[in-house]
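Along the sequence shown, the residues carry numbers beginning at 1.
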Amino acid sequence: MEKRVPVAIVVHLARAEDHTAQGPELTYTDNISGHGACVISSRQWKPGEIAEVTSLNDRITLRGRIAYCAEREQGQYYVGLYFNEQEVTWNPYVKYAGSPVGASRRDSAASVRSA
């Protein structure tokens, strides 16, 4: 069994090949390991379903199989995912480096040129 690291990473969770109006769920991880993750979901999942999980920090999408879905509390579930041969490479320390709210395009362009 792989070592699990308790870390919350903001992710989009969606059923693979699901193009319904419901779309991806904005949620977070409870823990991650080398080839898996436990994600908190408001939806109930079935073992064997295929899901796509995208880290909002570094925009890396992993596709995995649902290993389990256990009721958590108040309509939420722990969803265990196994990413087969893919390694979890999400960086929990990456911060969004976009322009500050209210900054103009000219200010942003100037800071890029000076960097």
Side-chain angles (χ1 to χ4, degrees):
M1 184 167 176
E2 292 183 316
K3 180 179 178 180
R4 295 173 183 241
V5 179
V7 62
I9 298 173
V10 179
V11 297
H12 273 138
L13 174 64
R15 285 185 167 86
E17 310 301 326
D18 185 6
H19 303 288
T20 63
Q22 195 173 21
E25 175 182 6
L26 180 62
T27 188
Y28 58 94
T29 62
D30 181 64
N31 63 63
I32 62 173
S33 67
H35 293 94
C38 178
V39 178
I40 306 302
S41 179
S42 61
R43 302 175 191 167
Q44 190 168 13
W45 294 75
K46 294 178 184 165
E49 284 186 282
I50 304 298
E52 290 182 345
V53 186
T54 304
S55 163
L56 267 58
N57 282 344
D58 46 21
R59 305 281 189 226
I60 295 173
T61 299
L62 297 175
R63 189 177 181 123
R65 179 181 47 80
I66 303 299
Y68 64 86
C69 181
E71 195 166 359
R72 183 177 181 232
E73 58 188 35
Q74 300 174 349
Q76 291 187 323
Y77 300 89
Y78 289 110
V79 179
L81 292 123
Y82 176 64
F83 298 117
N84 300 323
E85 301 304 316
Q86 294 179 312
E87 188 173 335
V88 176
T89 57
W90 299 325
N91 185 345
Y93 304 107
V94 174
K95 302 264 188 221
Y96 176 69
S99 300
V101 175
S104 71
R105 286 184 175 189
R106 186 183 64 207
D107 293 342
S108 297
S111 65
V112 168
R113 285 193 300 267
S114 65

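A 4.5 Å side-chain heavy-atom check between T89 and D58 finds every atom pair outside the cut-off.
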Item to complete: Would you please test N57 and N91 for side-chain contact (heavy atoms from CB on, under 4.5 Å) and show each step?
Response: CA-CA 8 Å; N57 282 344; N91 185 345; over 6 Å; no
Item to complete: Any chance you could lay out the side-chain contact (heavy atoms from CB on, under 4.5 Å) test for V53 and W90, step after step, and finish with the verdict?
Response: CA-CA 11 Å; V53 186; W90 299 325; 3.5 Å; yes
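Partners of W45 according to the side-chain hydrogen bond (donor to acceptor under 3.5 Å, both in side chains) rule, which considers only residues two or more places apart in sequence or in another chain, are S41. Every residue meeting the side chain to side chain contact (heavy atoms under 4.5 Å, CB included) condition with P24, not counting sequence neighbours, appears here in chain and number order: H12, A14. Take R63 and apply the side-chain hydrogen bond (donor to acceptor under 3.5 Å, both in side chains) test, not counting sequence neighbours, and it matches E17, E52. In terms of the side-chain hydrogen bond (donor to acceptor under 3.5 Å, both in side chains) criterion, residue partners of E49 (sequence neighbours excluded) are, by chain and number, R15.
Between atom CD of residue Q44 and atom CD1 of residue I66 there is a gap of 11.5 Å, rounded to the nearest 0.5 Å. In this structure, L26 CG and T54 OG1 are separated by 11.0 Å, a value rounded to the nearest 0.5 Å. Taking OG1 from T29 and CD1 from I9, the interatomic distance works out to 4.5 Å, rounded to the nearest 0.5 Å. Note that the CG atom of L13 and the CG atom of L81 stand 6.5 Å from one another [nearest 0.5 Å].
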Side chains of residues 32-39: which donor-acceptor partners sit under 3.5 Å, not counting sequence neighbours?
from : atom 1 : to  : atom 2 : distance (Å)
S33  : OG     : E2  : OE1    : 3.2
S33  : OG     : G36 : N      : 3.2
H35  : ND1    : E2  : OE2    : 2.7

For residues 68-79, dump all side-chain donor-acceptor pairs below 3.5 Å to protein atoms at least two apart in sequence or in another chain.
from : atom 1 : to  : atom 2 : distance (Å)
R72  : NH1    : Q76 : OE1    : 2.5

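Sorted by first then second residue, the salt bridge (charged side-chain N to carboxylate O under 4.0 Å, His left out) pairs that include residues 31-41, not counting sequence neighbours, number zero.
Linking ILVMFWY residues whenever their side-chain heavy atoms come closer than 4.5 Å, directly or via other members, leaves Y28 and F83 in distinct clusters. Under the 4.5 Å side-chain heavy-atom criterion for Ile, Leu, Val, Met, Phe, Trp and Tyr, V10 and V7 are members of distinct hydrophobic clusters.
For the pair S55 (side chain) and I60 (backbone), a donor-acceptor distance under 3.5 Å is absent.
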